[in-house]
Structure formats: C-alpha cells, structure tokens
J.: 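Here you go, one structure.
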Amino acid sequence: MIVLGIDASSDAAAAAIVADGVLLCEHTLNNGKNHSVKLLPMVENMLAETGLDFADIDVYACGVGPGSFTGVRIGVATIKGFAQSWNKPVVEVSSLAALAENLRGYEGIRVAAVHARVDELFCAAYDSDDEPIIEPCVMKIHELKNALEPDSCMLVGNGALMNREVFVESLGENAIPTSCALHVIRGGAVAELGYKLAAQGITCSYEQAAPVYLRVSQAEREYNEKNKK
C-alpha cells in the first residue's frame, strides 16, 4: 500500500510518500509562505523522484488541523482534489498527532502545542501507548501548564517555543527540546499515521474529508460581533 501524506496547517508545507511502511520520500518547506503555490509542485517533485504517478497512490492522507485556518483549508482541498481525481480513499490525520510523532520513543507524555491566539494553544497530549491524555482542543496557556506534571512530559510545536519560559519554569528544563526539527510537522509523520489508519480500514471518501478548526476564525468572530442584536 502506497500512501501520500501532506500537511499545510502550520508554517511548514510538508509532504511524504510511504510504501508498505517504508518512507520513500519527504519534502518540507518551513517558511510560512505560499502553501497554495508550493504544495502541488512539492508533491509532483516527490512523485518524479520516486518514479511514481498519482494513479499509483492507494491512499491520500492529510493533516486536517487544527492550525492555520487558511493552511488547513489548502491542505484538505488539495487532498480532496487528488482523491476525487483518482477515485481513492482519504485518511484524516490530526495535525497535532502528527506533531507529537516527533517525540516517538519518549516514555513520558508527548504534548503537541500550536499557537492559536495570543493566550491560547491548540493542543493534545499522548502517552507512550498513543492513548490521548488530552484530546485535541483549545486551551489557555496556563490551563495546559497546570494540566501537566513536572518532569513527566515533553512539548513540541511553535506554541511550546513561543512560551518556553512559562513551560520550562513550571515543568522542568527538559520540557521543551532544543532541536528545531522536532517542532515542525513532518509529512512523513502524516503519511505514516495515514498508513497505519488505512491498514485498520479507517478511511473516508473525498466528500467526507473535512478540516478540523476547533474554534471560529477571526473573520467569523468579527462578523458575529457586528451582527449582535
């Protein structure tokens, strides 16, 4: 089974191909710009490099968020287009779960924390058996800090980096890894999680695939404020 996975929910546009559990190719562009322009050529380049064609892909996996509203829409729309064109199933992958995969092998609680608003984070936490300790949600920074035990967890993501001092003071010096690569969502993680879910029969049609936002956008909030009675 060959799975193509992408994620555009963060500053990074990421894509990868996994075949029978083996990572064939992975591309990442982490400049926060032009995901709508960069993502398709990135996928086409991967296919050319691996000698594959869109028709060879068995399953299309996508990081469905939460994260950047625009980025999530771009990623989901791209995968829906691929799957519809080639009549293939889709696997919806939590972008937070993909981010937490960067800490695979850590025996404590793996926490994915992505900046949402000034004082809010998109976050989720998983134990070493992949059981969710905190389901994907929106939390205040202090709420997440208070929900975690010192010296028993590790956080990744731009939400962790932006609030490093807060988390390190409360949770310990090793709470946030110093490696910059660990804080970026990888296409390989999306494709691998997609492979595992597809192997369990957990797929959907392109029509069913949908973004996960977890909160309303700024435009919606402003519209609602203007139209309050």
J.: Which atom pair, heavy atoms only, marks the closest approach of L99 to A112?
T.: CD2-CB, 3.8 Å

J.: Would one find more than 12 heavy atoms of other residues, nucleotides or ligands at under 6.0 Å from atom CG of D53?
T.: yes

J.: Should the pair D127-R110 be classified as a salt bridge under the 4.0 Å nitrogen-to-oxygen rule?
T.: no

J.: The test is side chain to side chain contact (heavy atoms under 4.5 Å, CB included); show your working for R117 and R215 and say whether it passes.
T.: CA-CA 11 Å; R117 293 175 65 184; R215 66 174 179 84; 3.5 Å; yes

J.: State, to 0.1 Å, how close A16 and A191 come at their nearest heavy-atom pair, and which atoms those are.
T.: O-CB, 3.9 Å

J.: For residues M1 and I17: do they belong to one hydrophobic cluster (side chain heavy atoms under 4.5 Å, members Ile, Leu, Val, Met, Phe, Trp, Tyr)?
T.: no

J.: Can you tell me how far the CD1 atom of I133 sits from the CD1 atom of I109, to the nearest 0.5 Å?
T.: 4.5 Å

J.: So which heavy atom on A113 is nearest to which on L121, and how close?
T.: CB-CD1, 4.3 Å

J.: Applying the 4.5 Å side-chain criterion to the ILVMFWY set and letting contacts propagate, would I79 and I2 be lumped into a single cluster?
T.: yes

J.: Would you please test V190 and I6 for side chain to side chain contact (heavy atoms under 4.5 Å, CB included) and show each step?
T.: CA-CA 6 Å; V190 176; I6 68 170; over 6 Å; no

J.: Check the hydrophobic clustering (I, L, V, M, F, W, Y; side-chain heavy atoms under 4.5 Å; chains of links allowed) and say if F122 and I74 are grouped together.
T.: no

J.: Quick check: closest heavy atoms across E49 and C25, and the distance to 0.1 Å?
T.: OE1-SG, 3.3 Å

J.: Report the distance from atom OH of Y206 to atom CD of Q84, rounding to the nearest 0.5 Å.
T.: 4.0 Å

J.: To the nearest 0.5 Å, what is the distance between CD1 on I202 and CG on L193?
T.: 11.0 Å

J.: Would you call R104 and D130 a salt bridge, using N to O less than 4.0 angstrom?
T.: yes

J.: Using 0.5 Å steps for rounding, measure from the CG atom of D119 to the CE atom of M139.
T.: 12.5 Å

J.: With a sphere of 6.0 Å drawn around CD of Q200, does it hold more than 12 non-hydrogen atoms of other residues, nucleotides or ligands?
T.: yes

J.: Determine the minimum heavy-atom distance between V111 and A125, stating which atoms define it.
T.: CG2-CB, 4.0 Å

J.: May I ask whether I185 and L39 are part of the same hydrophobic cluster, defined by side-chain heavy atoms of I, L, V, M, F, W, Y residues being less than 4.5 angstrom apart, directly or through others?
T.: no

J.: Do you know which two heavy atoms are closest between L96 and P136, and how far apart they sit?
T.: CD1-CB, 3.9 Å

J.: Does a side chain donor of either D7 or S9 reach within less than 3.5 Å of an acceptor in the other side chain?
T.: yes

J.: State whether R186 and E101 are salt-bridged, where the test is any N-O pair (Lys NZ or Arg NE/NH1/NH2 against Asp/Glu carboxylate O) under 4.0 Å.
T.: no

J.: Hydrophobic cluster membership, with links at side-chain heavy-atom distances under 4.5 Å among I/L/V/M/F/W/Y: are V43 and V93 in one?
T.: no

J.: Please list, chain by chain and in numerical order, all residues satisfying side chain to side chain donor-acceptor pair (under 3.5 Å) with Q208, sequence neighbours excluded.
T.: S205

J.: With a 6.0 Å cut-off (strictly less than), is the heavy-atom count around CD of E143, excluding the residue itself, greater than 12?
T.: yes

J.: When you look at NZ of K196, are more than 12 heavy atoms from neighbouring residues, nucleotides or ligands closer to it than 6.0 Å?
T.: yes

J.: Would you compute the distance between atom CG of L47 and atom CG of D56 and round it to the nearest 0.5 angstrom?
T.: 8.0 Å

J.: Quick one: sort the F54 and F82 rings into parallel, tilted or perpendicular, breaks at 30° and 60°.
T.: tilted

J.: For C62 and E92: C-alpha separation, side-chain torsions, deciding distance, then whether side chain to side chain contact (heavy atoms under 4.5 Å, CB included) applies.
T.: CA-CA 5 Å; C62 184; E92 299 172 306; over 6 Å; no

J.: Begin with the C-alpha distance, continue with both residues' side-chain angles, and end with the deciding distance and a verdict on side chain to side chain contact (heavy atoms under 4.5 Å, CB included) for V91 and V3.
T.: CA-CA 9 Å; V91 174; V3 178; over 6 Å; no

J.: Working to the nearest 0.5 Å, report the span between OH of Y213 and CZ of F69.
T.: 7.5 Å

J.: Pairs under 3.5 angstrom only: tabulate donor-acceptor contacts from the side chains of residues 153-178 to other protein residues two or more places apart or in another chain.
T.:
| from | atom 1 | to | atom 2 | distance (Å) |
| --- | --- | --- | --- | --- |
| N158 | OD1 | H115 | N | 2.8 |
| N163 | ND2 | G159 | O | 2.8 |

